[in-house]
Every structure is written in structure tokens, then in C-alpha cells.
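In what follows, a single structure is set out as C-alpha cells and then discussed.
The chain is numbered in sequence order, starting from 1.
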Amino acid sequence: MAATAQKDEVVGNGVAAAAAAASAVISRPLQVSKRLEQFQPTVFTLMSSLALTHQAINLGQGFPNFDGPDFIREAAIQALRTVGRNQYARGFGVPELNAAISRRFEKDTGLKVDPDTEITVTCGCTEAISSTILGLLDPGDEIIMFAPFFDVYQVVTAMVGAKMKTVVLRPENGFAVPEDELRAAFTSKTRAILVNTPHNPTGKVFSRGELELIASLCVEHDVLAFTDEVYSRLVFDGEHVSLASIKGMFERTVTMSSMGKTYSFTGWKVGWAIAPPHLSYGIRQAHSNITFSTATPLQWGAVAALEAPESYYQDLRSAYIARKDILVQGLKEVGFKVYEPQGTYFVMVDHTPFGFKDDMEFCMHLVHKVGVAAIPPSGFYEDPQDGKHLVRFAFCKDEDTLKAAVRKLRDHLKY
């Protein structure tokens, strides 16, 4: 008995000591570089965590709640089982994948690109963005972006020490590009402009006229263009135009994309950057020192994805139009002012009819009291005031989930 009591005391003291040590670690000041201290943890992580905690329907972070086609998955499984396809891939991509990207890009844009010198396979489009900005910008360079913007753009720009200049796309103007503001943003220090079309989070598809304006300013000021085109296959109204396909732009453009959104395998993180050799050089210098290569079996899966028949893309678009219509109509019935998207799988709404002071307060109410998670987009603006009245919902979910979310909003969200 005494021995047992003594053992219990030792165990108890050990637990107490471990708890005290953990507390001491937790209480230490958080460590972060001065380049990144201005940024908070990503809102996507926050809202997805809250959705799990409160068992809310997650219409926040943009990942499907269903998987892509079996033939893509099976291609990756076969690669896993094949000797020699589980080691480091060639740094800039498995040759067969680079060739498949080249064929797909020519079919979509009419541009022929060299698979070996003009395509770099990356760990998702996020790494393509990072490698492009880190590889081609210097401290003090200016890069123009359209707000609201994907938050990674701002963070990687800060890592380089470059300066971001934003041109705001405003909902009251249909998110149209304000020509005078855009022209004024170009200066002698402008090194690049970053264009995301179709655009996250607004769902805007840049028109050919808007892209031709951007192209003319790039040529006039000798500026590079970086384009994020991950939603190019999700266009419901209008057409997707790659900026690189406009006259005079290929030689100054980096076109970035991935397989995650189009094929519903966001967790695979297989992306790419397409650029002429003189720009690919800088991208590859960064890429080889960030990840070096991308998961080999998943690259083989991507080969199969890019060889999908045209009927796959037609079915994809039809399915997403149906999902969009369910959510858009439901949000209108609930009382939101809805800015119907032309593309992507996101929809922006104005939450002000419900009386909350800003987007964060509203989204916290949604996840805690209504049981639906959404994204507060004010962090996607240089001036958060520009986005505090807006909220982003994602409709990359099955139809039953979207209908259930609409019911929760209808039953629990009141004016």
C-alpha cells in the first residue's frame, strides 16, 4: 500500500512538473520574423477549426467534400505500386506530366510551350506563386494586385521585402477594373502585376477588354505579369482568357495553375508555372530550394487528369452551376444581397441587413449560433474597412450539404 501510494505521488508529481513545463513553454513570447509579424494566422485555418469544434457545415475553406474521378486516383495508386515511381522526381516535373501540361495549355490557349524549359511543376499553385514572387522580385520592387486578394500573395510579397500596391474591385461596380486607379498604380518602381482570373473571392471573370488594358500597361511600363488561373475551368458567365495569350504578353507572363480545383483533389498539391525560359530560370531557382520536387505518384495521377475527355469539363461545369444556383438562391431567400459569381466556386454577399458591426463578428455568430462556417474577407484588403460588410461562402460541396446549410441559415439567422 505504501509503495503504491509512493508511486502515485511520484506519478502525480511528474504530471504536475510536465504541466508546469508546458505552461512555461506556452507562456513564452511568440517568435516570428519582423517580415511576418504583421500577419495573423490564416483565417481559413481559424474558420475550419471552429467548424469542426462546433460541428458546423463548412462553407468557408474552398475544398470539396467529395473526391475527384476514380481514374485519376487509380493512376496515382498504380504509380505507388510501380518500382521507380516513388523516389524524387525530376526537379521541375515528371517528363510525362510536363508534356501533358503543355498539350493542355496549347489546347486551351493556342500557345505552344516547351515542356522542358517553360514548365515547372510545383507543390500546388501556392508554391508556384511563392516560387514566382521569391524568384523574380527583389526588395523594394512594387507589385500590383487586385483587392480582395488571396492572402498568400501579400505574405509572400512581405517575405521578399517587395511592396504591394492594390487596386480595389468594388461590388457596387460589379467588381469591374477601375481603369484610372489601375493606370495610377503603375510607376517606375513597378516590377509586376498579379492577376487572379477567375477571381477568388469575388467570383469575377476578367473580361478580354480588362485583360487587354492590363497587357497594354505591362508593355508600356515593361512590367511582368503573374497570373493565378486555378479556376479556369469553373466559368459560368463569360469566357476565361489567359493573359499570356494576348499579343505581346507571353514573353513577360508567368501563368500558374494546379489540378486541385478542376479535378477535386485539393490535398494532392500538384501545380505548375508556365513561363518563357528567362523567367522560368528565376522560378526554378526558388522552387529547387523550397521543395525541389513534387510527390512523384501524384504527378502520375495528374497526367491522367490532364488527359480527361472534354466531356469531363462539360459535366464539371454543369454540376457546379447546379450547386451555385442552390446556394445563390438560398442566400437571396434568407435576405443577403448576393453578388452572383461568374466563375470559381465562391459567392460574395453583403451581410449588413443582419445588423452586425463587421464580417468577423458576423462569421463568428454564424459558426457559433447558426451552425454554418463562412469566410470573413476583410483580411483580403489592404484596408479591412473595404471588406467588412462582405462574407464569402463556398459551394464546392454536394447538393445535400448546400441545402442543409441554407436550411440552417433560414431557420436561425434573423434580421
Side-chain angles (χ1 to χ4, degrees), residues 41-68 148 150-151 171 175 198-204 230-231 234 236 260-262 264-267 316 319-354 356 358-380 387-414:
T42 172
V43 70
F44 303 109
T45 299
L46 171 64
M47 298 312 298
S48 288
S49 296
L50 288 172
L52 286 172
T53 300
H54 297 281
Q55 297 183 318
I57 296 174
N58 190 351
L59 301 189
Q61 193 170 0
F63 58 85
N65 67 341
F66 48 86
D67 282 343
F150 181 37
D151 55 0
F175 299 114
H199 184 257
N200 172 18
T202 67
K204 170 188 173 60
V230 294
Y231 299 102
L234 294 174
F236 318 121
K261 308 301 191 296
T262 301
S264 302
F265 287 105
T266 59
L316 176 80
Y320 268 106
I321 287 174
R323 296 182 186 113
K324 172 181 68 71
D325 290 347
I326 289 169
L327 186 58
V328 166
Q329 185 59 36
L331 292 170
K332 288 179 179 178
E333 291 173 358
V334 170
F336 290 100
K337 182 175 182 180
V338 179
Y339 302 101
E340 188 159 350
Q342 298 173 298
T344 76
Y345 46 50
F346 303 114
V347 57
M348 291 275 269
V349 302
D350 189 324
H351 68 79
T352 52
F354 300 97
F356 292 84
D358 59 31
D359 57 330
M360 183 59 77
E361 182 180 87
F362 180 75
C363 286
M364 287 298 181
H365 175 79
L366 278 188
V367 74
H368 284 92
K369 302 297 184 181
V370 178
V372 175
I375 294 295
S378 57
F380 305 156
K388 71 175 187 177
H389 61 297
L390 299 171
V391 172
R392 191 196 80 173
F393 290 96
F395 51 89
C396 49
K397 313 296 176 183
D398 63 75
E399 292 187 12
D400 287 343
T401 298
L402 294 170
K403 291 175 182 177
V406 169
R407 285 196 297 271
K408 282 179 173 286
L409 291 168
R410 186 184 298 122
D411 292 345
H412 302 294
L413 189 59
K414 307 299 180 184

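Not a single side-chain hydrogen bond (donor to acceptor under 3.5 Å, both in side chains) links Ser264 to another residue, sequence neighbours left out. Here Lys369 pairs with His365 under the side chain to side chain contact (heavy atoms under 4.5 Å, CB included) rule; sequence neighbours left out. Looking at residues two or more places apart in sequence or on another chain, you find a salt bridge (Lys or Arg N to Asp or Glu O under 4.0 Å) between Lys204 and Glu210. When the side chain to side chain contact (heavy atoms under 4.5 Å, CB included) test is applied to Ala374, the partners found at least two apart in sequence or on another chain are Cys363, Leu366, Val391, Phe393. Under the side chain to side chain contact (heavy atoms under 4.5 Å, CB included) criterion, Ile326 pairs with Glu399, Leu402, Lys403, sequence neighbours left out. Under the side-chain hydrogen bond (donor to acceptor under 3.5 Å, both in side chains) criterion, Asp325 pairs with no residue at all, not counting sequence neighbours. Judged as a side chain to side chain contact (heavy atoms under 4.5 Å, CB included), and not counting sequence neighbours, the contacts of Thr401 are Ile57, Asn65, Lys397, Asp398. Under the ring pair (Phe, Tyr, Trp, His ring centres under 6.0 Å) criterion, His199 pairs with no residue at all, not counting sequence neighbours. Judged as a salt bridge (Lys or Arg N to Asp or Glu O under 4.0 Å), and not counting sequence neighbours, the contacts of Lys332 are Glu340.
Between Phe336 and Phe354, the two ring planes are tilted [angle within 30° to 60°].
Looking only at side-chain heavy atoms (C-beta outward), Val349 and Val338 come within less than 4.5 Å of each other. Looking at Tyr339 and Asp350, their side chains come closer than 4.5 Å, going by heavy atoms from C-beta outward. Contact annotation: the side chain of Pro198 never approaches that of Gln342 to less than 4.5 Å [non-hydrogen atoms, C-beta and beyond]. Side-chain atoms of Asp358 and Pro376, non-hydrogen and from C-beta on, never get closer than 4.5 Å to each other. Side-chain atoms of Ile375 and Phe346, non-hydrogen and from C-beta on, never get closer than 4.5 Å to each other.
Pairing each heavy atom of Gly260 with each of Thr266, the nearest pair is O-CG2, 3.6 Å. Nearest heavy atom pair, residue Leu327 against residue Ala394, reads CD2-O, 3.9 Å. When all heavy atoms are compared, the tightest approach of Thr352 to His389 is CG2-CB, 3.6 Å. For the pair Pro377 and Gly387, the tightest heavy-atom approach, listed with the atom from each and the gap, is CG-O, 3.9 Å.
Checking side-chain atoms of Arg392 against main-chain N and O of Thr202 turns up no donor-acceptor pair under 3.5 Å. In this structure a side-chain-to-backbone donor-acceptor pair under 3.5 Å is present from Tyr345 to Gly62.
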When the side chains of residues 405-412 are checked against the rest of the protein, which donor-acceptor pairs come out under 3.5 Å, sequence neighbours left out?
from	atom 1	to	atom 2	distance (Å)
Arg410	NH2	Glu333	OE1	3.4

Which atom pairs, one a donor and one an acceptor, fall under 3.5 Å between side chains of residues 48-55 and the rest of the protein, sequence neighbours left out?
from	atom 1	to	atom 2	distance (Å)
Ser48	OG	Phe44	O	3.2
Ser48	OG	Asn58	ND2	3.2
Ser48	OG	Gln61	OE1	2.7
Ser49	OG	Thr45	O	2.9
Thr53	OG1	Ser49	O	3.0
His54	NE2	His368	NE2	3.3

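In summary, the aromatic rings of Phe236 and Tyr320 are positioned with their centroids too far apart to meet the 6.0 Å limit.
Sequence neighbours left out, the pairs with a member in residues 46-68 that pass salt bridge (Lys or Arg N to Asp or Glu O under 4.0 Å) are Asp67-Arg73.
Distance CE/Met360 to CG/Leu46: 6.0 Å, rounded to 0.5 Å. Note that CG of Leu59 and CZ of Phe395 are 11.0 Å apart. Values are rounded to the nearest 0.5 Å. Expressed to the nearest 0.5 Å, how far CE of Met47 lies from OG1 of Thr42 amounts to 11.5 Å. Rounding to the nearest 0.5 Å places CG of Asn200 at 9.0 Å from CG of Asp151. To the nearest 0.5 Å, the span separating CG on Asp359 from CE on Met364 amounts to 10.5 Å.
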